[in-house]
Each structure stands twice: as C-alpha cells, then as structure tokens.
Chemist: 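Dropping a structure here in structure tokens format, bear with me for questions.
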Amino acid sequence: MCLAQVCKSPINYTGNKYRILPQFIKYFPKNANKCVDLFTGGATVAINLISEEIIAIDNNPKVINLLMFLKKQDYSTLIKKIDTLIEKYGLSNSYKYGYSYYRQYVEGNNGLKKYNIEGYNRLKNDYNKLKNKKTDKANLYLYLLMVYAFNNDIRFNSKGEFNLPVGKTDMNKNNREKLKKYIDICNEKKIEFVCKDFKKIDIKDLKGVEFIYADPPYLITDAVYNENAGWNEKEERELLNLLDKLNKKGIKFALSNVLQKKKLNIKNEILYDWLEKNKDKYFINEIEYDYRSASYNKKNRDGLEEEVLITNYKVGE
Ligand SMILES: C[S@@+](CC[C@H](N)C(=O)[O-])C[C@H]1O[C@@H](n2cnc3c(N)ncnc32)[C@H](O)[C@@H]1O
C-alpha cells in the first residue's frame, strides 16, 4: 500500500490530515490489502489509501451519512441538483457567472459573505427544520450548507442544529473538482463507511485487516470534537488497549497524536507512559507540521504541538 497523489476530501474537516499525508507515504506499510481508517472524519486518509479494501469508521453519524450519500451519487446528476438549489436560495455561483459578476457585493476580505448571507440563512433554517436528517434531501442540503458556511466547516449545536454563520466562498471550481474526484475514487475503490464508536469494535470484526490508521481526537488539544468532554482520559486508555490487542493479533497500526505542547509545557502523560512501557514494540515517528497553513486554531499553533505517528512496526519493514 502506498499513497499516490494526495486528493482532498469534499468535506473540509477540522483536523484533517491533508497537509501531512504526503509524509505518511514513508511511514505506512507498503502492502496491506485490507485497511481501516479509524476516526475517519472527512475521510481524507481513507480516500488516499491504496488498498484492495478500505473501511472508514467514525462515530459522527452526520458526517458518515454525508460521505455515504456523496459516495453513491452520479456527479452530473448531483451537480444539476446542486445548481438548482443554488438558484432556489439565490446563492452566488461564481463557477457559472464568474467571480467578477459578484465583485460589487464584496466588502474588504469578506468574499461572497454579503451576497450569500440571506439565502444561506434560509437554507440553514430549512435544513434545521427537516425532521429526518438521514434522507438524501437532508444530506444534499447539508453538503451545500457546508460549502457556503464559515470555513466550509460542519458544526452542530447541542440541539442538533447546524449553527455556522455564512462563509466567504461558494460552489466554485475547486469545490466541484473535489466533489467529482471523491465520487470517482469511491467508484474505483472499495471503501465502506461505518458509523461506530471505536469502543464497540470487536477484534473479531477485523478479520483480514492488515493495517489500521488511527487518528483520534487529541487529548491535549481542543478541537471541536473534543468539546463537551467527548474525548477524555478514559477514552484515551481504551484506545491504547485496543491498539495493544491489535498488536497481539499481528495487525499493523499507525496512531497519529500530539505528545506535547512545548511552549505551554503540556504533555500527554498517558501516551508517554504507554510508550515507555512498550518501548521495545512501538516506535515514534516525527511529523513536521506546517503551522503557517494549519487549519488548527491559533491557541494550538502557539502551543507548538509535537505531532507524531506511533507505529508498531519499524518504518520500511
Ligand atoms: C482528528 S479527527 C479525524 C480527522 C480525519 N483523520 C481526517 O483527516 O479528516 C477525529 C475524529 O474522531 C471521531 N471520534 C471521536 N470520538 C470517537 C469515538 N469514540 N469513536 C469513533 N470516532 C470518534 C470524531 O468524530 C472525529 O471525526
């Protein structure tokens, strides 16, 4: 298994591994026929794995449903539906009419925000009113909301309502290309999306799996999926237990994480202890993070995170 040219997911997911994925080429095993992308998020890693079979797991039902919905679409049919919705809500379509058409509405560096705010809020209200968020209609609305949302992100409040304000961009060439590429990849590769809590994974379910990439929320950083104590010390320990079990079964794993925030002097003690106990079995591979273009928030960047990839195999073996 290796990674060819890195493709972007159509979902701009917080903490996605797009920028550091090229570095994984040298760290991931070369020939793994069945792989799991555990904590798949926007599926950036899953869609870039070259393997006969890929299972992408996450416990976020909205994101997994959206990825499954987009996967089964025919691009030309989908894009027609998207363009129809753009018209219906009076949103900008810089791909169709050109960006200069909207220039009179652009204020400062706010991009298309002013032009889209009213239509976007109507779209958001209509989406939030939908009773069943699993339908194709709900997923289509969610995709479009994300494209026009702040930072092209996905965020829900505790009531399950999409709650991001309008963003600066629209369904431009770049978003269309990412969407098309994703659908093409899903047609070419065998990728299965599974909505599951990692704690419910039974090792017996992993028959034939040769490699697992795990990208959990990081205990010492505060990304959105860490809010409301979604990820805590208990979860961290359970994940490390699962990795120990995988190791005993002879399944290769690679775990992304942050060992410490140097400037703030914060360490992930649980991870350090586990590595110390297993220093003959597990290996720390350093990852260089491009902080200038990071999508992480400023607080994290200032903390100078030590991003690592922990493997239970020596690189190159
Ligand atoms: C760092 S993000 C993964 C980003 C992903 N690798 C990408 O490139 O887009 C961590 C993910 O873990 C998921 N997650 C959090 N707790 C989980 C759990 N208990 N079981 C499964 N997934 C979980 C979150 O929904 C989130 O998508």
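All ligand and atom numbering here is 1-based and tracks the order in the structure. The residues of the chain are indexed from 1 along the displayed sequence. Every value quoted in this text rests on a predicted model; they were computed, and no experiment measured them.
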Chemist: Could you tell me whether Arg122 and Asp126 make a salt bridge, using a distance below 4.0 angstrom between a side-chain N and a carboxylate O?
Modeler: no
Chemist: Within the 4.0 Å heavy-atom shell around Thr44, which atoms of ligand 1 are there?
Modeler: 8 (O)
Chemist: At a non-hydrogen distance cut-off of under 4.0 Å, which region of Phe39 contacts ligand 1 (side chain, backbone, both, or neither)?
Modeler: both
Chemist: Does a side-chain N-to-carboxylate-O contact under 4.0 Å join Lys114 and Glu107?
Modeler: yes
Chemist: If you measure every N/O of Gly15 against every N/O of ligand 1, is any gap under 3.5 Å?
Modeler: no
Chemist: Taking NZ, NE, NH1 and NH2 as the nitrogens, is one of them in Glu161 or Lys124 under 4.0 Å from a carboxylate oxygen of the other?
Modeler: no
Chemist: Who's closest to atom 18 (C) of ligand 1 heavy-atom-wise, of Asn59, Asp58, Leu38, Asn16?
Modeler: Asn59
Chemist: Is the Lys NZ or Arg CZ of Lys137 less than 6.0 Å from the centre of Tyr141's six-membered ring, within 45° of the axis?
Modeler: yes
Chemist: Would you call Lys96-Asp170 a salt bridge at under 4.0 Å N-O?
Modeler: no
Chemist: Determine whether the side chain, the backbone, both or neither of Glu235 has a heavy atom under 4.0 Å from any heavy atom of ligand 1.
Modeler: side chain
Chemist: State, to 0.1 Å, how close Asn152 and Val147 come at their nearest heavy-atom pair, and which atoms those are.
Modeler: ND2-O, 2.7 Å
Chemist: Check whether any N or O atom of Pro217, backbone or side chain, sits under 3.5 Å from an N or O atom of ligand 1, and answer yes or no.
Modeler: no
Chemist: Looking only at N/O atoms, are Asn60 and ligand 1 under 3.5 Å apart anywhere?
Modeler: no
Chemist: Heavy atoms only: which of Asn12, Asn257, Thr40 lies closest to atom 5 (C) of ligand 1?
Modeler: Thr40
Chemist: Quick one: do Lys173 and Glu177 make a salt bridge, cutoff under 4.0 Å?
Modeler: yes
Chemist: Are any of the N/O atoms on Trp231, whether in the backbone or the side chain, positioned under 3.5 angstrom from an N/O atom of ligand 1?
Modeler: no
Chemist: Give a yes or no on whether a salt bridge exists between Glu276 and Lys279, defined as a side-chain N under 4.0 angstrom from a carboxylate O.
Modeler: yes
Chemist: Taking distance alone, with no angle check, do Asp37 and ligand 1 share an N/O pair under 3.5 Å?
Modeler: no
Chemist: I need the atoms of ligand 1 closer than 4.0 Å to a non-hydrogen atom of Lys196, numbered in the order shown.
Modeler: 20 (N), 21 (C)
